[in-house]
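We're numbering straight along the sequence, starting at 1. Reckoned from all heavy atoms, side chains included, excluding hydrogens, waters and symmetry mates.
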Amino acid sequence: MSVVEKAVAWALSVADSPANGYDQTNRWGPDYDCSSFVISAFSQAGLPVREKGATYTGNMRPAFLAAGFRDVTGSVQKATGTGLQRGDVLLNIAYHTALHIGSGRLVQAAGNEKGGITGGKPGDQTGGEIGTAAYYDYPWDCILRYTGDDAGTEPDPGGTYTVQAGDTLSGIALRLLGDAQRYKELAALNKLADPSKIYPGQVLTLPGGGTETGKGEITLPVIREGDAGGAVLSLQLLLIHKWAISCGAAGADGEFGPDTAAAVRSFQTVRKLGVTGVVDAGTWQGLLG
């Protein structure tokens with residue numbers, strides 16, 4: 001088994017185990033935070049990333065590069081994930097990291113049962129403290145790929161997404177393309193006579209690029225209570241990890257429920273924005289600023 005496959009297999013086994021939860025106080029096992037989780041995955045696979053100095057998101061990039069990784073950010077469309085390969089490390093240097101596992105999905109340590117980063121019980125109390133999710137752009141600062149002698153992975157098919165249970169075409173369009181209305185584009189590209197009829201395991205071809213402005217910046221969708229998907233998960237992770245605002249017991253679960261709405265209103269109050277509970281362009285700008 002290659003280094004990449006060992007790392008991915010270990011990460012998925014930890015995500016599947018109720019004994020492994022999220023915590024920043026005891027973060028090197030059996031509980032992990034986002035960075036110790038990814039660092040440990042490659043340490044378990046035999047790479048000296050910790051020995052090279054990787055201890056948190058802020059020093060992962062140089063340490064991983066020294067251990068045989070290459071920065072491939074320029075070859076990936078971060079908005080959609082096109083160009084990603086299984087085992088790629090997704091890194092926001094200040095706040096978050098995750099591991100891409102192929103087929104438009106990632107695995108990550110997201111948050112404890114309190115919706116925060118410390119003070120939770122050992123182990124996974126919610127079933128999602130460490131888990132998989134559809135790919136989303138956090139936004140990531142860089143994409144790191146292991147290219148050493150034992151990389152041993154095939155490229156993930158660029159520009160495709162494998163339908164998961166519970167997916168809708170509009171939901172996929174929102175998560176991967178930044179605009180739910182682009183479901184029509186997906187339907188036309190994949191020759192779907194009825195956009196409501198998709199099934200788990202179906203491989204969809206994605207159009208090139210997300211919704212972009214003339215400057216190449218991604219236009220983030222307006223989201224509100226009742227929405228779900230990658231944009232909501234990105235919102236929750238920003239609130240929890242960057243702004244230390246709890247999203248409730250469920251934490252970062254990708255569901256925009258009452259607790260997340262309350263967290264958004266708290267953020268808007270602190271930042272002196274319009275307190276609507278709706279995440280519009282101004283709120284996104286504040287969250288990412």
Side-chain angles (χ1 to χ4, degrees), residues 34 57 73 76-82 90-98 104 106 108 110-111 115 133-143 161 167-186 206-248 250-289:
C34 66
T57 55
T73 310
V76 172
Q77 293 184 27
K78 291 188 292 179
T80 64
T82 300
L90 314 169
L91 179 63
N92 179 292
I93 293 171
Y95 301 110
H96 191 48
T97 186
L106 55 78
Q108 63 186 353
Y135 172 80
Y136 64 98
D137 185 13
Y138 182 81
W140 309 116
D141 295 317
C142 58
I143 311 297
Y161 173 73
D167 273 344
T168 63
L169 206 59
S170 61
I172 294 169
L174 175 63
R175 292 198 308 271
L176 302 184
L177 304 179
D179 184 351
Q181 291 303 310
R182 293 187 71 183
Y183 81 89
K184 300 173 185 177
E185 189 177 346
L186 280 173
L206 300 174
T211 304
E212 298 184 344
T213 70
K215 295 182 180 179
E217 298 172 347
I218 302 305
T219 301
L220 293 166
V222 175
I223 53 176
R224 52 178 54 83
E225 190 169 351
D227 288 335
V232 176
L233 184 61
S234 183
L235 161 70
Q236 292 168 328
L237 289 168
L238 283 167
L239 288 167
I240 293 167
H241 297 293
K242 183 174 181 178
W243 298 101
I245 298 175
S246 173
C247 289
D253 62 356
E255 302 286 339
F256 200 136
D259 288 337
T260 297
V264 169
R265 288 192 292 270
S266 295
F267 173 79
Q268 290 170 332
T269 299
V270 169
R271 296 286 290 185
K272 297 181 179 179
L273 302 170
V275 183
T276 63
V278 175
V279 183
D280 56 11
T283 302
W284 278 120
Q285 184 176 2
L287 286 161
L288 295 168

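- Scanning both residues, L273 and G282, for their nearest heavy atoms gives CD1-O, 4.2 Å.
- Contact annotation: the side chain of I223 approaches that of W284 to within less than 4.5 Å [non-hydrogen atoms, C-beta and beyond].
- Here the closest heavy-atom approach between residue Q268 and residue G277 is recorded as OE1-N, 2.9 Å.
- Contact check for L91 versus T57: side-chain heavy atoms found under the 4.5 Å cut-off.
- Shown here for D227 and V222, the closest heavy-atom pair between the two residues is OD2-O, 4.2 Å.
- The two residues R271 and G286 come nearest to each other via the heavy atoms NH2-O, 3.9 Å.
- Contact of the V279 side chain with the L287 side chain is registered, since non-hydrogen atoms from C-beta on lie closer than 4.5 Å.
- Annotation: side chain of Y138 is in contact with side chain of L238 (closest heavy-atom distance under 4.5 Å).
- Residues T97 and C34 come closest through the heavy atom pair CG2-O, 3.3 Å.
- Judged by distance alone, with hydrogens and angles left aside, the side-chain atoms of T73 form a donor-acceptor pair with the main-chain N or O of I143 at under 3.5 Å.
- Contacts of I240 classified as side chain to side chain contact (heavy atoms under 4.5 Å, CB included), with partners at least two apart in sequence or in another chain: I117, C247, A252.
- Using a 4.5 Å heavy-atom cutoff, the side chains of F256 and V264 are in contact.
- Listed by chain and residue number, nothing satisfies the side-chain hydrogen bond (donor to acceptor under 3.5 Å, both in side chains) test with S266 (two or more places apart in sequence, or in another chain).
- Remark: the T260 side chain and the Q236 side chain contain an N/O donor-acceptor pair separated by less than 3.5 Å.
- Between E225 atom CD and R265 atom CZ the span is 7.0 Å, to the nearest 0.5 Å.
- Here the closest heavy-atom approach between residue D141 and residue K78 is recorded as O-NZ, 4.2 Å.
- In this pair, W140 and H96 present their aromatic rings parallel. The plane angle is below 30°, not in the 30 to 60° band.
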